[in-house]
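Here's the structure, in structure tokens; my notes come after.
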Protein chains: 2
Amino acid sequence: MQRYDLDDLDRTIISLLTEDGRLSASEIASKIGTASERTVRNRITALLQSRMITIGAIPDPTAMGRDVQADVMIEVEPGRIEEVAIALGEFDEIGYLAATSGRFNLSGSLFVETHAALLDFCENTIGRIPGVRRVEPWVILRMYKAFGTRTTALNTATDRAEGKP
Amino acid sequence: MQRYDLDDLDRTIISLLTEDGRLSASEIASKIGTASERTVRNRITALLQSRMITIGAIPDPTAMGRDVQADVMIEVEPGRIEEVAIALGEFDEIGYLAATSGRFNLSGSLFVETHAALLDFCENTIGRIPGVRRVEPWVILRMYKAFGTRTTALNTATDRAEGKP
DNA sequence: AACAGAAATTTCCGAAACGGAAATTTATGT
DNA sequence: ACATAAATTTCCGTTTCGGAAATTTCTGTT
């Protein structure tokens, strides 16, 4: 069972699992109509084993009391990006971290409880990591899409724009 | 069954489900040792219903042929942020989108197949949305953490830094 | 400290889902 | 057209799940 490129069945399964990762194979099969329950189960196993998808719990930062979210842009001294990334990776306040081209070197996503905690984390945690030159937090005012999924904020905004209730 | 703040059991369950969202309740219970299988199942149901967590499939962009990832910063004319967000939300190339404070107004994450597609999307799709003033893509060179989970890139970097094999 | 009421946990059970292996069908290359 | 490999399907014992009732634990009040 070695699978390289996805077909429509795979893509349908993925899109269903994206919305609910705990769907049973038979539920998926019956929604699709054409594929048997066992085939769907085989496909899911293959998708997971080949790491095409990962099924996991995504904690809602707001529900968990992390009310303040921010994108953080970091400028790092040349040659020290990985070093800084390793240090930052330790913190579970950081949900996302990547090295980027452009005017900053690292782009991250930060989840903290309060604005005070945000300031503290940027000043005293990130700011003190050797190699960090500049830290620029951009507070997130409204989340429209995350993990490839539209948020309720985006859905209500769209409905409003279309004149729906 | 109404649950407001998480206890250690919840947090342990969440952290296990973060790694593998398809773990069965009994597997989780046996890993923990103290909680019964039914209690774990109750907690998971409560966590899902209260939207503390969402369990879903997270597609690996690279595995799916979306080899180019970029953060996109967008400057929007005053008063048109939501309008632009609604337009952008339609594209499934956009995995993340948020309104931010700072020198840009929208911060997004983009997954496309090639650099040509990136340029095209920024120039001809985002750039032509009414209200958009400036588009600045930052190409992601290496991903260290996503969805709150460390990537293999970060793990190998950490191992190397610690002198491990 | 004792008690009442509510919430959480546990027990129990039938239905559904899962994993492994063999059989069948479909796809691929010569 | 044929041989081989890959994918799908069938079959079946075991595990997991969902619902309801019973029990325990927690909470606030007197």
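Chain A is the first sequence line, chain B the second, and so forth, proteins listed ahead of strands; every chain is numbered from 1. A quick note: this is a predicted structure, and the numbers were derived from the prediction, not measured.
Remark: C1' of dG19(D) and CD of Q49(B) are 13 Å apart, rounded to the nearest angstrom. If you take CG of L9(B) and P of dC26(D), they are 13 Å apart, rounded to a whole angstrom. Between I44(B) atom CD1 and dT9(C) atom C1' there is a gap of 15 Å when expressed in whole angstrom units. Between the C1' atom of dC26(D) and the CG atom of D7(B) lies a distance of 13 Å, rounded to the nearest Å.
Sorted by first and then second residue, the ring pair (Phe, Tyr, Trp, His ring centres under 6.0 Å) pairs involving residues 30-69 of chain A (not counting sequence neighbours) form an empty list. Every pair tested for salt bridge (Lys or Arg N to Asp or Glu O under 4.0 Å) that includes a residue from residues 54-63 of chain A fails, sequence neighbours excluded, so the list is empty. Among residue pairs with one or both ends in residues 85-99 of chain A, those qualifying as side chain to side chain donor-acceptor pair (under 3.5 Å) are Y96(A)-D71(B); sequence neighbours excluded. Residue pairs meeting the salt bridge (Lys or Arg N to Asp or Glu O under 4.0 Å) criterion with at least one partner in residues 137-147 of chain A, sequence neighbours excluded, are R142(A)-E82(B).
For the strand DNA chain D, secondary-structure stems (runs of at least three Watson-Crick or G-U pairs, all distances below 3.5 Å) span C:1-30 with D:1-30.
Between F104(A) and W138(B), the ring planes lie tilted relative to each other; the angle falls in the 30° to 60° range.
A heavy atom lying under 4.0 Å from DNA chain C marks none of the residues of residues 28-35 of chain A.
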Please output the side-chain donor-acceptor pairs of residues 19-26 of chain B that fall under 3.5 Å, not counting sequence neighbours, one pair per line with the distance.
residue: D20(B); atom: OD1; partner: R22(B); partner atom: N; Å: 2.9
residue: R22(B); atom: NE; partner: G21(A); partner atom: O; Å: 3.1
residue: R22(B); atom: NH2; partner: G21(A); partner atom: O; Å: 3.3
residue: R22(B); atom: NH2; partner: L23(A); partner atom: O; Å: 2.4
residue: S24(B); atom: OG; partner: S26(B); partner atom: OG; Å: 3.3
residue: S24(B); atom: OG; partner: E27(B); partner atom: N; Å: 3.2
residue: S24(B); atom: OG; partner: E27(B); partner atom: OE1; Å: 3.1

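With sequence neighbours left out, the side chain to side chain contact (heavy atoms under 4.5 Å, CB included) criterion links T114(A) to A116(A), A117(A). For R38(A), the side chain to side chain donor-acceptor pair (under 3.5 Å) test picks out N42(A), with sequence neighbours left out. With sequence neighbours left out, T39(A) forms a side chain to side chain donor-acceptor pair (under 3.5 Å) with S36(A). For R134(B), the side chain to side chain donor-acceptor pair (under 3.5 Å) partners at least two apart in sequence or on another chain are E75(B), E136(B).
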Could you write nucleotides 16-23 of chain C as a row of B, S and -, 5' to 3', where a protein heavy atom under 4.0 Å of any base atom gives B, of only sugar-phosphate atoms gives S, and otherwise -?
-> -SBBB---
